[in-house]
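In what follows, chains carry the letters A, B, and so on, assigned in the order in which the sequence lines appear, proteins first and then strands, with residues in each chain numbered from 1.
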Protein chains: 2
Amino acid sequence: MPKKTFFNINEEKRKMIEEKAINEFAVYSYENSSINRIVENCKISKGSFYQYFENKEDLFRYIISLSVEKKMKYVNATLISEIDNGFIKIIKEIFKSGLKFAYENEKLASIGVLLMKNNNSEIYHKIIGQNKNMAIDFYKKLIEIEIEKGEIKPDINVEFVSYLINSMIINLSEYFFEINKNNEKKYSEEMLFLVDDLMDMLINGIGL
Amino acid sequence: MPKKTFFNINEEKRKMIEEKAINEFAVYSYENSSINRIVENCKISKGSFYQYFENKEDLFRYIISLSVEKKMKYVNATLISEIDNGFIKIIKEIFKSGLKFAYENEKLASIGVLLMKNNNSEIYHKIIGQNKNMAIDFYKKLIEIEIEKGEIKPDINVEFVSYLINSMIINLSEYFFEINKNNEKKYSEEMLFLVDDLMDMLINGIGL
DNA sequence: TTACCGTGTGACCATCTAGTCACATGATAC
DNA sequence: GTATCATGTGACTAGATGGTCACACGGTAA
């Protein structure tokens, strides 16, 4: 957590520091980011920075916490409204809210993707640590319920399918950025079709 | 390419340098690897290193070329023998030969995965560059043939499915390492089942 | 005026990096 | 013996990094 001095400075400056830090991590990832560059962009001194934050990790954790907080607002709203509508609907909505978050918070989403992909790094272990299987376990439970309801084949490899869904969610945002890199962004249409395609594929396969 | 001096030194020393470099890149990835550490582990001087290689990138490219060469031996054998057996068989065998390569060349596979995942980095663009869509285009063609043959739904998003298959292949090796990290390795059985599961899922979906 | 205190500063430190270069060694050729 | 040449060396450079610290500034309280 940042030191209390960080929360004492005026909001404009605070937001500016947050923004510059988000920019830095989104472009360079944690390992290759530079405090020197951040303070330079912020036009504050090195000494000031270390009066706001314990160290580089402290800043990164703070930015991640901002990101998680924001993303939760998207996902929680979905979960609450869809919790009784079964696996397909829930997963679909998680995918969609994930994409919506990525679309509306490109930089934060990029930081998240970089962190999740770099899952051998020290910072990944420090931040994600024991929670790394939380999402996967959640999908596992959903799938098991669906198997009991007779909606999903009972002989699938639940562990593996959960893992796959998890990496699909990470990949989906990336793919979306990829196809939209040079085009103008057509969030609402393209994106939702993509999720529908993906879910249809997951449930029914691509074979005839 | 390494300088000719590298190929003049005796094979034992050359293999040792290759091995230590592979180790370094597999553990630290390109960006975080250190020439200092490599020469220290090799017990050769910095000067010698720069008489063998132009620079760090030269060494990395060389190691990647070794890896590609080796992997091609696995995949090519598959492609030649399965080319007439249709999409499912080919993809299945590509998955399997990819896993076999990863199992038998853990370090090289790890270097490849790290490079492919870090697809924003300068080194990725330098090395993969314009070829980054080669694999995806290959899958696209396979799928289009299969659609014409009436084996795959004609209304799927071919571009997206190809992208997905590509990232599945990258993720599959990773998942395999993951589940085998603490267990003893049961390559032949578990691995092949995993591929069969995955392909069955891709073709038929998980829904009942 | 003096004392205190939160905030701001940038030179500085230790430590790392990739890459260089003047020199040493040792083998072969004449 | 001497000249040539490939190979080997490690101190050194220039530039980065994260983090520290003695000090400066400005406002408030006694």
Side-chain angles (χ1 to χ4, degrees), chain A residues 1-18 20-25 27-64 114 118 121-124 126-127, chain B residues 1-18 20-25 27-64 114 118 121-124 126-127:
Chain A
M1 268 287 110
K3 300 177 181 176
K4 68 177 186 300
T5 51
F6 179 64
F7 298 104
N8 287 347
I9 59 179
N10 70 75
E11 191 175 329
E12 199 187 343
K13 189 171 176 181
R14 218 172 61 231
K15 292 283 175 202
M16 186 265 284
I17 293 173
E18 288 173 9
K20 301 289 187 189
I22 288 170
N23 240 310
E24 178 77 13
F25 292 132
V27 173
Y28 295 98
S29 86
Y30 178 73
E31 270 82 10
N32 298 108
S33 62
S34 156
I35 298 294
N36 289 327
R37 209 156 36 206
I38 292 174
V39 299
E40 201 177 304
N41 288 332
C42 290
K43 288 178 183 64
I44 61 171
S45 72
K46 203 91 172 279
S48 287
F49 177 87
Y50 281 94
Q51 245 162 355
Y52 304 150
F53 300 95
E54 298 289 344
N55 49 37
K56 183 176 168 178
E57 190 184 318
D58 187 28
L59 169 65
F60 188 66
R61 294 187 105 104
Y62 175 63
I63 298 297
I64 290 289
L114 285 176
N118 197 1
S121 64
E122 204 190 326
I123 195 73
Y124 176 90
K126 276 187 177 176
I127 291 189
Chain B
M1 266 290 110
K3 301 178 182 175
K4 66 177 190 297
T5 50
F6 179 64
F7 298 105
N8 288 346
I9 60 180
N10 71 73
E11 191 175 329
E12 199 187 344
K13 190 172 177 183
R14 218 171 62 232
K15 292 282 174 203
M16 186 264 284
I17 293 173
E18 288 173 9
K20 301 290 186 188
I22 289 169
N23 239 310
E24 179 76 14
F25 291 132
V27 173
Y28 294 98
S29 85
Y30 178 73
E31 269 81 10
N32 297 107
S33 62
S34 158
I35 299 294
N36 289 330
R37 209 157 35 208
I38 292 174
V39 300
E40 200 177 305
N41 288 332
C42 290
K43 286 175 186 66
I44 62 170
S45 73
K46 203 91 172 280
S48 287
F49 177 87
Y50 280 94
Q51 243 160 358
Y52 303 150
F53 299 95
E54 298 289 344
N55 48 37
K56 184 177 166 177
E57 190 185 317
D58 187 29
L59 170 65
F60 189 65
R61 294 187 106 104
Y62 175 63
I63 298 297
I64 290 290
L114 285 176
N118 196 2
S121 65
E122 204 189 325
I123 195 72
Y124 176 90
K126 278 188 178 176
I127 290 188

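- Inter-residue side-chain proximity for A:Phe25 and A:Ser33 is flagged as met; some heavy-atom pair is nearer than 4.5 Å.
- Of all nucleotides in DNA chain D, those with any atom nearer than 4.0 Å to a heavy atom of chain A start and finish, going 5' to 3', at D:dT17 to D:dC21.
- Note: B:Ile22 CD1 to B:Ile17 CD1 = 12.0 Å, rounded to the nearest 0.5 Å.
- In this structure, CZ on B:Arg14 lies 11.0 Å from OH on B:Tyr52, to the nearest 0.5 angstrom.
- Within 4.0 Å of A:Lys13, counting heavy atoms only, lie sugar-phosphate atoms of the nucleic acid but no base atom.
- Here CD of B:Glu24 is found 8.0 Å from NZ of B:Lys56. Values are rounded to the nearest 0.5 Å.
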Short N/O separations, protein against nucleotides 17-21 of chain C, under 3.5 angstrom:
from   : atom 1 : to      : atom 2 : distance (Å)
C:dT17 : OP1    : B:Ser34 : OG     : 2.8
C:dT17 : OP2    : B:Asn36 : ND2    : 3.0
C:dA18 : OP1    : B:Ser33 : O      : 3.2
C:dA18 : OP1    : B:Ile35 : N      : 3.3
C:dA18 : OP1    : B:Lys56 : NZ     : 3.2
C:dA18 : OP2    : B:Ile35 : N      : 3.0
C:dA18 : N7     : B:Lys46 : NZ     : 3.4
C:dG19 : OP2    : B:Tyr50 : OH     : 3.1
C:dG19 : OP2    : B:Lys56 : N      : 2.9
C:dG19 : N7     : B:Lys46 : NZ     : 2.7
C:dG19 : O6     : B:Lys46 : NZ     : 2.6

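- C:dC5 atom P lies 12 Å from atom NZ of A:Lys4, rounded to whole Å.
- Within the 4.0 Å cut-off from OP1 or OP2 of C:dG6, not a single side-chain nitrogen or oxygen of A:Asn8 is found.
- Here the closest heavy-atom approach between residue B:Asn32 and residue B:Arg37 is recorded as O-NH2, 3.2 Å.
- In this structure the side chain of B:Phe6 never reaches within 4.5 angstrom of the side chain of B:Met1, judged on heavy atoms.
- Atom pair B:Gln51:CD and C:dA22:P shows a separation of 14 Å (rounding to whole Å applied).
- Side chain of B:Lys20 to backbone of B:Lys43: no donor-acceptor contact under 3.5 angstrom is found.
- Between A:Tyr50 and A:Ile35 the shortest side-chain heavy-atom distance falls below 4.5 Å.
- If you check every strand for non-hydrogen atoms under 4.0 Å, A:Tyr52 touches sugar and phosphate atoms only.
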